[in-house]
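Shown next, in structure tokens, is the structure this report addresses.
To find a chain, count down the sequence lines: A is the first, B the second, and so on, and within it residues start at 1.
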Number of protein chains: 2
Amino acid sequence: MPAASDCTQMLDSETKAVETPEDHAEELRLWLRLLTCTTLIEGEVRGRLRQRFDVTLPRFDLMAQLDKAPDGMTLSDVSKRMMVSNGNVTGLVERLVESGHLDRRTSDTDRRVQVIRLTKLGRAEFRRMAAEHEAWIADLFADLSPKDVRELMRLLAKTKASAQKSAGRRRA
Amino acid sequence: MPAASDCTQMLDSETKAVETPEDHAEELRLWLRLLTCTTLIEGEVRGRLRQRFDVTLPRFDLMAQLDKAPDGMTLSDVSKRMMVSNGNVTGLVERLVESGHLDRRTSDTDRRVQVIRLTKLGRAEFRRMAAEHEAWIADLFADLSPKDVRELMRLLAKTKASAQKSAGRRRA
DNA sequence: TGGAAACATTTTAGGCTTAAAACAATTTCG
DNA sequence: CGAAATTGTTTTAAGCCTAAAATGTTTCCA
């Protein structure tokens with residue numbers, strides 16, 4: 001199978017207009033591989049959280065955000081950080097308040113804003129889960145050398161920047 | 001901030017028993033970055049598919065699997081390839097048969113098995129979407145050099161293998 | 001000052017997703 | 001052969017998720 005040679009340079013100004021369907025199979029394969037890795041790891045983490053702590057991944061993720069913010073966060077902040085819709089956060093928070101993991105109150109200075117925090121129970125449970133969670137992640141990435149890890153970090157940072165730029169271009 | 005030096009070797013047999021809480025912050029950060037990239041790109045693709053073709057990402061993904069299999073696939077095959085649960089595929093297929101994009105029949109040789117294919121309509125619509133989709137992906141990854149792409153592919157292959165090994169260890 | 005714009009959140013409607021249990025058909029093997 | 005295990009799919013119950021519309025609040029500025 002011949003590797004797709006990446007000849008993206010325009011040979012002359014005419015070429016541009018001719019709607020040459022360029023070959024981007026490599027990028028497509030990269031995207032699918034990225035997705036596979038994430039899905040694989042996410043599924044594994046989801047299963048372990050359920051088995052070991054009977055907690056869902058979204059609940060864990062939300063608690064993780066709050067653990068980093070002792071003074072609490074607004075729902076909007078959470079929504080942006082977790083990269084999920086506002087309505088999604090509303091329901092998630094509802095259930096976590098119900099189960100006693102979260103505390104929620106209306107801001108004194110702005111009555112539109114809801115501030116949420118971990119309760120003592122929520123924080124204790126999260127810390128307990130987080131310790132094991134970190135070990136799971138370490139194990140899942142165990143075959144990567146420190147150099148691999150650094151290199152992946154670098155390339156993913158570049159990927160993130162590229163994707164954000166592209167997303168920005170579209171919204172513009 | 002001192003980089004965490006990765007000293008995973010056991011210095012002596014005693015060390016193992018002492019429950020040293022090892023530092024795996026780097027791997028954790030790597031996982032979060034991986035997740036961020038995927039979520040970012042996935043969200044972008046989801047939005048474009050909806051806006052441009054009024055189709056959901058899962059529907060598109062399922063059609064993509066079938067486009068590669070002219071003779072059809074069983075629901076199990078699809079479920080494994082897409083890395084989603086069986087029940088999920090059942091519902092997805094139901095809706096795509098309903099909308100005329102998929103054809104479904106029971107296997108002649110094994111009455112447990114359902115074989116699904118793209119209909120003519122389904123294939124035509126998918127091809128139309130796939131062409132644009134590939135361009136979107138290319139744009140999202142546009143700032144990566146060909147070398148970056150190759151290197152990412154390599155490192156993600158290694159990551160996938162590592163995660164699969166770890167998942168296997170757990171199931172064992 | 002008063003209305004328009006912006007903002008934070010919730011609601012709505014529909015679809016996606018999972019884990020586990022149930023069901024049906026086939027294969028295995030005593 | 002026939003019971004037990006396996007395999008493929010569907011069902012169930014619950015929760016997750018999104019986009020878009022609705023609601024309430026604050027800010028901006030003419």
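- Taking the six-membered ring for Trp and the full ring otherwise, the centers of F126(A) and F60(A) sit less than 6.0 Å from each other.
- Note: CZ (R46(B)) to P (dC16(C)) measures 10 Å, nearest angstrom.
- Within the 4.5 Å cutoff, the side chain of F141(B) has no heavy atoms near those of the D148(B) side chain.
- Across all strands shown, N86(B) has heavy atoms under 4.0 Å from base atoms, whether or not it also approaches the sugar-phosphate.
- Between T109(B) and P58(B), the residue whose closest nucleotide on DNA chain C is further toward the 5' end is P58(B).
- Ranking dT9(D), dC16(D), dA19(D) by closeness to the T74(B) side chain, first place goes to dT9(D).
- R112(B) contributes a side-chain N or O that forms a donor-acceptor pair with the base of dT7(D) under 3.5 Å.
- Whole-Å rounding puts the M82(B) CE to dT9(D) C1' distance at 16 Å.
- Counting non-hydrogen atoms under 4.0 angstrom, L57(B) reaches nothing in the nucleic acid.
- Rounding to whole angstrom units, CD of residue E94(A) and P of dC17(D) are separated by 15 Å.
- Atom CD of E98(A) and atom P of dC16(D) are 13 Å apart (whole Å).
- Here the side chain of L75(A) is nearest to one of dT10(C), dT18(C), dG8(D), namely dT10(C).
- Residue order along DNA chain C, read from the 5' end via each residue's closest nucleotide, puts R59(B) first among G43(A) and R59(B).
- The side-chain heavy atoms of V55(A) and M129(A), taken from C-beta on, include a pair separated by under 4.5 Å.
- Taking side-chain N and O atoms only, N88(B) has a distance below 4.0 Å to OP1 or OP2 of dT18(C).
- Side-chain nitrogen and oxygen atoms of S76(A) include at least one within less than 4.0 Å of the OP1 or OP2 phosphate oxygen of dT9(C).
- Checking side-chain atoms of T119(A) against main-chain N and O of G100(A) turns up a donor-acceptor pair under 3.5 Å.
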Quiz item: Stepwise, does the side-chain hydrogen bond (donor to acceptor under 3.5 Å, both in side chains) test hold for T74(B) with Q114(B)?
Solution: CA-CA 5 Å; T74(B) 69; Q114(B) 301 286 318; over 6 Å; no

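- No contact: S79(B) has no heavy atom under 4.0 Å from any strand.
- At whole-Å resolution of the value, CG in L40(A) and P in dT18(C) are 13 Å apart.
- When the C1' atom of dA19(D) is taken as reference, atom CZ of R52(B) falls 19 Å away, rounded to whole Å.
- As judged by a 4.0 angstrom heavy-atom cut-off over every strand, T56(B) is placed among residues touching the sugar-phosphate backbone only.
- Note: CZ (R104(A)) to C1' (dA8(C)) measures 12 Å, nearest angstrom.
- Across dT11(D), dC16(D), dT26(D), the shortest atom-to-atom separation from the side chain of T90(B) is found for dT11(D).
- For R95(B), the listed nucleotide lying nearest its side chain is dG15(C); candidates were dA19(D), dT10(C), dG15(C).
- Rounded to a whole Å, the CD atom of Q51(A) is 7 Å from the P atom of dA20(C).
- Contact between the side-chain N/O atoms of R111(A) and the OP1/OP2 oxygens of dT27(D) is not found at any separation under 4.0 Å.
- In this structure, the nucleotide among dT18(C), dT9(D), dC17(D) sitting nearest to the side chain of V113(B) is dT9(D).
- Scanning all heavy atoms of the two residues, the minimum distance from L140(B) to R48(B) falls at CD2-NH2, 4.2 Å.
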